Amino acid sequence: MPKKTRQYDFSLIEKKWQKRWKKEKTYEPDLKNSKNPFYNLMMFPYPSAEGLHVGNMYAFTGSDIYGRYKRMKGFDVFEPVGLDGFGIHSENYALKIGTHPMKQSEISERRFYEQLEMIGNGFSWDERVETYKPEYYKWTQWLFTEMWRQGLAYRKKQAVNWCPSCKTVLADEQVIGGKCERCGTMVIQKELEQWFFRITKYAEKLLKNLETIDWSEKVKIAQRNWIGKSEGAMVTFKIKNRNEKLEVFTTRPETVFGATYMVLAPEHPLIESLKSEIKNYDEVRKYLETSKKKTDEERDKEKTGIRLEGVKAINPGTGEEIPMFAANHVLSGYGTGAIMAVPAHDERDREFAEIFKLPIQDVIDEKGRIKNSGKFDGLEAEEAKKEIIKHIGGKFHTQYRLRDWLISRQRYWGAPIPMIYCETCVKAGKGERKEMPGWYAVSENKLPVELPFIEEFRPQGHDQSPLASIESFHDVLCPACGSEARRETDVSDTFLDSAWYYIGYLMKHENWKWGMRDKNTKEHIKKWLPVEMYIGGAEHSVLHLFYSRFVAMVLKDAGVLDVEEPFTHFRAHGLLIKDGAKISKSKGNIINPDEYIKEFGADVFRMYLMFLAPFEQGGDFRDQGILGIDRFVKRVYAYFLRFKESEKKPGEDTERLLQQTIKKVGEDIEALKYNTAISQLMILLNALESEEASDHVLNKEDHKKIIKLLAPFAPHVSEELWEMFGEYESVHKAKWPEYDISLMEETTTQIIIQVNGKHRVTLTLEKGTSQKQVEEEAKKNQSVQKTLDGKSLKKVIFIKDKLINFVIQ
RNA sequence: GCCCAGAUGGCGGAAUUGGUAUACGCGCACGACUCAAAAUCGUGUGAGGAAACUCUUGAGGGUUCGAGUCCCUCUCUGGGCACCA
């Protein structure tokens, strides 16, 4: 790390102001009576690693600058923070260092809040929440029971993702490229009964509402792709000599005459029911068994499959008998788990057909018209779609790629799923929901179901949470019949904790006195939601940001929220890079924010992070670069220290530059272009320093404006300067300066003189100079004269106050 | 394979509607201060050329009076999805 270049005592100044802000509750808005609320949210960190990551600080600083700016623009900014401390990530960390998660959470909490204080953000401290506190997870559990009540939580046995290292199931969204989102281990498939949330019910709304919210486009695209809507048709194929049918989903029903074979996923139930018909069943079974064991990656390589000898399907278009196959490239979880294969018009079907030497029937000509399809020949594809579906008795169908959210985890460190299962009720056919006899949700007045302290908290690996071996936890009485019953022992996915934390902050304000449905909570919700600006990482595109939208929609339907979309604006910040790689421990390029803050101060460090590149792009962290900001802050401080009121008048240029700076800094903050806002402040300082030697100087009021412009970026030093300028109320509550257009206007303008589009000279002329005069002036110039000399002038392009271009032969 | 973002000096990056390419900062060089160094301050800094001037925004083509910016083709880098029928 480079060494700082200055002796001004930032540590004293920073501590002084952090203490005073906290004491005076500078950043606590009046949640109840606010007239102009602005909810400025940042993604709360999970305290798993050794401390606050520089990536956290990067994100938080960017969000804080925006919040501070909005506060100065007159909004009551609510900028809360908390800890997302429940879940596998924190538990894995506790396991690694050999501390109990309950103990570790206390240690991490202290450490994180200390660090969060040091970075100098305008946090609303009073409302901080921790997801692992019973008063918080009471409402995580309540949310689960609400899902249950709305018929959105259900249990189902199916092949699910299982991480062998974390020893738990995972949701589809938490499998990144076939690997566990937390530990990077290859995920395998296991057939298990698990709890799911019916997020697919909201698929269309989740998709459609994307058009109504202002989010970083790449996040919207990721969500759109994840939902994966396709329009097509369901088509039924009869099985020859059997009563059975096979339904398939296709996006191209018009090609049904070209379907020359069928393929079933290995898990498809029809294979089992056709068992007696399939002549090579032993062989088939062997194929199914090996393919089920294979991981997705192994399945990837080459197309394999096996013919179901002796069974045939009937093509509903041609009436022809076509062969059937089982193959693992057909996924059981999408559509009906079976396809009609049209090798002439689908690349994958062709590849498979070539391996198995199957016929290829072309049904669309070069002009996109139907052929070889009987009476439909000659129709355009779109029209044929309708006609053919009608003819074969299919029906239009919209299919989504999205699958339900697998919510249970076989781990310890999470919110216990608040459900009870009663065998006695099952026998009697009783239960809260008909389709799930024996299951009861824990009622609100019995929440939270507290997570007990247990010594043996390690994941067990036999498909059950460690809580399954704690009798005192799982032995309960049935809430309906009073017989001995069993509590659910799985915990819920961490992403459920974080899906509603922005409401948690509002509830914490009243110290959890009021429930989610209480009218006092509702008032806060009504006043403060939706979140006006949410800044965070794009890696949460189809995780937290997706789940949160779903949960908000459910809460809207439950009458808790008035809005469907919790975050009207979301901006994804970029990634910090160092030495050409993403910052990570394995790359050995870790940046410890504490060390930099200790050496340079929070103001300098946060300003450097914002200066190195556009915030939404992310940037390249270079140690040496911080010296530039270090010098700048030092020069600012020294300059203001030197300032004395005097009779001197400001220079016109400097006055204009100040107005331009006010305009640019404000606009750049709005656009999150903090790097160019900072450059502009540097340009201004450079000008001010050169003016010191002249007879001109800006007055005190103008200097105060400059302190305000600096305040969002360097909150401590600007507060100190503000006080030095005789102010008592915090600069962060001062009114953002306005710029005066009349002071920005110049009487002269720079006119670019081009010949054939090539820049020759620049002339400074009066604004509004006519084309004729500009031409004359330009022709006086030697360089221009020389190039024009002896050539015939073809054309002159003139743009007033800007440019003249002589086009010559 | 598909989708998204990007490629500009030695480096991080600027550049409104298509109109002075390289703002701001780092680094470097020289100078001042100093016994000296660091820090600080000043000057310079895209390439070639003595200069006039020429060339220069990943490569190639196009549109235009004029292209870093618009269009087409390609290369590379980063990120996401990945047999989704």
Side-chain angles (χ1 to χ4, degrees), chain A residues 2-7 176-178 217-222 224-226 228-230 232 248-252 255 263 296-297 299-303 327-331 333-342 345-349 351-352 399-403 538-539 541-542 574-575 577 580-582 608 611-614 616-629 631-632 634-635 638 667 673 675-683 685-686 689 750-762 782-783 786 794-799 802-808:
Chain A
K3 293 289 169 208
K4 63 162 185 274
T5 61
R6 152 208 39 219
Q7 296 308 319
I176 315 282
E217 199 53 34
K218 62 175 174 179
V219 175
K220 290 214 242 180
I221 289 166
R224 238 174 249 135
N225 293 342
W226 190 256
K229 181 178 182 174
S230 341
V248 298
F249 172 71
T250 174
T251 50
R252 302 194 61 189
T255 63
V263 188
D296 282 353
E297 206 183 37
R299 283 185 177 200
D300 244 348
K301 285 163 197 162
E302 247 174 38
K303 279 205 169 43
N328 60 25
H329 73 270
V330 175
L331 308 173
Y334 183 79
T336 65
I339 60 160
M340 67 175 211
V342 185
H345 303 290
D346 184 286
E347 201 51 49
R348 298 153 304 177
D349 292 347
E351 197 191 321
F352 191 84
Q399 182 68 43
Y400 299 92
R401 185 189 170 283
L402 179 67
R403 296 204 289 162
E539 70 275 15
S541 296
V542 296
L575 277 183
I577 300 288
K582 197 176 146 180
Y608 173 59
F611 180 64
L612 52 79
E616 288 183 87
Q617 182 189 301
D620 199 341
F621 189 98
R622 304 237 153 198
D623 272 349
Q624 287 298 317
I626 198 171
L627 293 176
I629 297 289
R631 287 174 193 138
F632 172 71
K634 174 189 177 179
R635 277 165 54 209
E667 285 170 358
K673 289 183 180 166
N675 57 331
T676 46
I678 294 168
S679 322
Q680 184 66 30
L681 290 167
M682 289 173 167
I683 292 168
L685 178 68
N686 291 346
E689 285 180 337
Q750 308 262 300
I751 297 188
I752 301 151
I753 315 299
Q754 297 181 335
V755 178
N756 279 354
K758 193 160 281 192
H759 177 226
R760 287 288 148 188
V761 286
T762 305
Q782 275 199 350
S783 162
K786 225 168 75 183
K794 227 172 104 186
K795 200 171 163 187
V796 179
I797 311 279
F798 178 71
I799 297 163
K802 213 164 205 174
L803 159 148
I804 192 157
N805 185 11
F806 298 100
V807 184
I808 56 173

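Residue numbering restarts at 1 for every chain, and letters A, B, ... go by the order of the sequence lines. These numbers come from a predicted model, not from an experiment.
Rounded to whole Å, atom C1' of B/A82 lies 15 Å from atom CG of A/N328. One interatomic measurement links the two molecules: CE of A/M682 to P of B/G25, which rounds to 6 Å at whole-angstrom precision. One interatomic measurement links the two molecules: CD1 of A/I577 to P of B/A7, which rounds to 15 Å at whole-angstrom precision. Counting to the nearest Å, the C1' atom of B/G12 and the CG atom of A/D620 are 6 Å from each other. One interatomic measurement links the two molecules: CG of A/L575 to C1' of B/C4, which rounds to 14 Å at whole-angstrom precision. Distance NZ (A/K673) to P (B/C24): 18 Å, rounded to an integer number of Å. What separates CD of A/E616 from C1' of B/G79 is a distance of 16 Å, to the nearest Å. Rounded to a whole Å, the NZ atom of A/K634 is 16 Å from the P atom of B/G25.
Residue A/A613 is the one, among A/A613 and A/I678, whose nearest nucleotide of RNA chain B lies closer to the 5' end (criterion: closest heavy atom). Mapping A/G619 and A/Q680 onto RNA chain B via the closest heavy atom, the residue that lands nearer the 5' end is A/G619.
Contact annotation: A/Q617 reaches the phosphate of B/G13 (side-chain N/O to OP1 or OP2, under 4.0 Å). Taking 4.0 angstrom as the limit, A/N675 places a side-chain polar atom (N or O) nearer than this to OP1 or OP2 of B/A14. When the side-chain nitrogen and oxygen atoms of A/S541 are compared with OP1 and OP2 of B/G80, none of them lie within a distance under 4.0 Å. Under 4.0 angstrom from either OP1 or OP2 of B/G25 there lies at least one side-chain N or O belonging to A/N686. Residue A/R631 has a polar side-chain atom (N or O) positioned under 4.0 Å from OP1 or OP2 of B/U40. Here A/Q624 reaches the OP1 or OP2 of B/G27: one of its side-chain N or O atoms lies under 4.0 Å away.
Using a 4.0 Å heavy-atom distance criterion, A/R401 is classed as a base contact. Using a 4.0 Å heavy-atom cutoff across all strands shown, A/R635 reaches sugar-phosphate atoms only and no base atom.
Taking atom C1' in both B/A67 and B/C71, the straight-line distance is 11 Å, to the nearest Å. Across the P atoms, B/A38 and B/G27 are found 13 Å apart, a figure rounded to whole Å. Atom name C1', nucleotides B/G68 and B/U57: the rounded distance is 5 Å, in whole Å. Rounded to whole Å, the separation between the C1' atoms of B/C41 and B/C33 comes to 8 Å. Separation of the C1' atoms belonging to B/C53 and B/U63 is 29 Å when rounded to the nearest angstrom. Nucleotides B/U16 and B/U69, compared at atom P, are 12 Å apart to the nearest Å. Atom C1' of B/C4 sits at a distance of 24 Å from the matching atom of B/G12, rounded to the whole Å. Spacing between B/A47 and B/G1 at atom C1', rounded to whole Å, works out to 41 Å.
A/R635 contributes atom CZ, which lies 5.0 Å from atom CG of A/N686 (distance to the nearest 0.5 angstrom). Rounded to the nearest 0.5 Å, atoms CZ (A/F249) and OH (A/Y334) are 5.0 Å apart. Taken from CG in A/L331 to CZ in A/R403, the straight-line distance is 8.0 Å, to the nearest 0.5 Å.
Distance from the side chain of A/L612 is smallest for B/G12 among the nucleotides B/U20, B/G12, B/A85. Listed nucleotides B/A85, B/C4, B/C24 differ in distance to A/S679; the shortest reach to its side chain belongs to B/C24. The nucleotide whose nearest atom lies closest to any side-chain atom of A/T676 is, among B/A15, B/C24, B/G13, B/A15. When distances are taken from the side chain of A/I752 to each of B/U20, B/A23, B/C11, the shortest belongs to B/U20. Nearest to the side-chain atoms of A/P614 among the listed nucleotides B/G12, B/G13, B/C3 stands B/G13. Distances from the side chain of A/R622 to the nucleotides B/A21, B/G12, B/C4 place B/G12 closest. In the set B/A85, B/A14, B/G12, the nucleotide with an atom closest to the side chain of A/Y334 is B/A85.
Put simply, the side chain of A/S541 does not reach to within 4.5 Å of the side chain of A/W226, judged on heavy atoms. Put simply, the side chain of A/K795 reaches to within 4.5 Å of the side chain of A/I797, judged on heavy atoms. Put simply, the side chain of A/K220 reaches to within 4.5 Å of the side chain of A/E217, judged on heavy atoms. Two residues are said to be in side-chain contact when any heavy atoms from C-beta on lie closer than 4.5 Å; A/Q754 and A/L803 meet this criterion.
Residues A/F632 and A/F611 keep their aromatic ring centres 6.0 Å or farther apart.
Syn is the conformation of B/G9, whose glycosidic angle sits no further than 90° from 0.
Between A/A222 and A/V542, the shortest heavy-atom contact is O-CG1, 3.6 Å. Listed here is the closest heavy atom pair of A/V342 and A/D349: N-OD2, 2.9 Å.
In this structure a side-chain-to-backbone donor-acceptor pair under 3.5 Å is present from A/N805 to A/N756.
Note on A/K218 versus A/E616: no salt bridge recorded, every NZ/NE/NH1/NH2 to OD/OE distance being 4.0 Å or above.
In RNA chain B, stems built from 3 or more consecutive Watson-Crick or G-U wobble pairs, each with both distances under 3.5 Å, span B:1-7 with B:75-81, B:10-12 with B:24-26, B:27-32 with B:40-45, B:46-48 with B:53-55, B:58-62 with B:70-74.
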For nucleotides 64-70 of chain B, tabulate all protein N/O to nucleotide N/O atom pairs closer than 3.5 Å, reporting atom names and distance.
from: B/C65; atom 1: OP1; to: A/K795; atom 2: NZ; distance (Å): 3.4
from: B/C65; atom 1: O2'; to: A/N805; atom 2: ND2; distance (Å): 3.4
from: B/C65; atom 1: O2; to: A/N805; atom 2: ND2; distance (Å): 2.3

